[in-house]
Amino acid sequence: MLISWNTTNQCNMRCAHCYRDAGDKLAEELTTAEGKKLIEEIKKAGFQIMIFSGGEALMRADIYELGAYAKSRGLRAVLGTNGTLITPEVAADLKKAGFMAAGVSLDSLRPGKHDEFRCLRDGYYLTLEGMKNLRKAGLPFQIHTTVMDWNVDELEDISDFCLETGAMAHHVFFLVPAGRGADIEEEALKKAAYERTIARLMEKQKSVKIEIKPTCAPQFMRVAASKGMRTRFTKGCLAGISYAVINPLGYVQPCAYLDLALGNVRETPFDKIWAENEVFHLLRTESYEGKCGVCEYKLKCGGCRARAYYYNQKNIMAEDSWCLYQPKGALNIV
């Protein structure tokens, strides 16, 4: 089970696709004490992996204290970062605090394109320097790429770059229109291109030793199965089933791209929200509608619940209309 805490809205970048619309620190973000209480409740709820992200998590002065506390409670602490603030000293402090890995964002091998997307001058070179510092400190990292129409042809090259830099994985994120991402929806891949790109990534996986994972693209489970490939993953979309997000103000969401506040940890313990909230219960029924409901891959894939919500008038259980696959039972849908 995996959980992400957006520890702050503060960020040194202004990424075009940011689901959190990050930039300035928000008033009343969870304090250190509240963060430690949250960690206790996350452990009580049965989670094993905790991602500390943002905004940019390294802009929280207490991030090392929080990571160390999570480790002391038996959680695997992981950092989600843009990498630009990782000096040799920061990398060493992260390692000392007990962080087990980091996910670093890199969207293009063309410095100008990466910097334009991330809205930070020299961001590309600062990110590469951050990766180098993580490697020297002995802290494993993986590279995260958000795929758009302007960088889709680079994906295999970025996977090769991951190998060259010592990254342990390449996770490719498909845009869900949330936050600022809704403003650039037209740059996102759509349907046929989406399916082709997933297939390309699965083909690339056959030729490299590091893990390649399409993210916010649960159909990769079907594509992998069709190619006779086994993955370590049990389901495509985990929202509300074995994954949740807490935003900087303490509101609980099924995933980062589903802007549904299911309670606030200041008012109700997280483990109680996780166990009792009706939206979580609904997601766990896996009673999907439309094609997703009759698909033979529904328990392996599940469709993207955030995309279903966005494109189907906020119906969280609707079919994922980006999927072109025609299930065997689709002809029976009235």
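Here the CD1-OG1 distance, from Ile143 to Thr127, works out to 9.5 Å after rounding to the nearest 0.5 Å. Between the CG atom of Asp122 and the NE2 atom of His114 there is a distance of 10.5 Å, given to the nearest 0.5 Å.
Ring centroids of Phe99 and Phe52 are separated by less than 6.0 Å, placing the two rings close together. The distance between the ring centers of Phe47 and Trp274 falls below 6.0 angstrom. A ring-centre distance under 6.0 Å is found for Tyr297 and Tyr325.
Among the candidates Asn133, Leu79, Thr81, the single residue satisfying the side-chain contact (heavy atoms from CB on, under 4.5 Å) test with Leu94 is Leu79. Just one of Arg305, Lys235, Lys298 meets the salt bridge (Lys or Arg N to Asp or Glu O under 4.0 Å) condition when paired with Glu286; it is Lys235.
The residues Glu41 and Arg73 are annotated as not salt-bridged, no charged nitrogen and carboxylate oxygen being separated by less than 4.0 angstrom. Comment: Arg14 engages Asp24 in a salt bridge, judged by a side-chain N to carboxylate O separation of less than 4.0 angstrom.
Taking the ring axis of Tyr194 as reference, the NZ or CZ atom of Arg196 does not stay both within 45° of it and closer than 6.0 Å to the ring centre.
Annotation for Lys132: atom NZ does not count as buried by contact number, only 12 or fewer foreign heavy atoms lying within 6.0 Å. Summarising the local packing, CZ of Phe233 is surrounded by more than 12 heavy atoms from other residues, nucleotides or ligands at distances under 6.0 Å. Residue-environment remark: NZ (Lys314) stays at or below the threshold of 12 foreign heavy atoms within 6.0 Å.
Tyr251 and Leu283 sit in two unconnected hydrophobic clusters of ILVMFWY residues. Membership requires side-chain heavy atoms under 4.5 Å apart, directly or through other members.
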Practice prompt. Mind running salt bridge (Lys or Arg N to Asp or Glu O under 4.0 Å) on Glu296 and Arg222 for me, showing each step along the way?
Written response: CA-CA 9 Å; Glu296 59 269 32; Arg222 166 177 52 80; over 6 Å; no

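Annotation: side chain to side chain contact (heavy atoms under 4.5 Å, CB included) contacts of Leu128 (sequence neighbours excluded): Leu106, Tyr124, Phe161.
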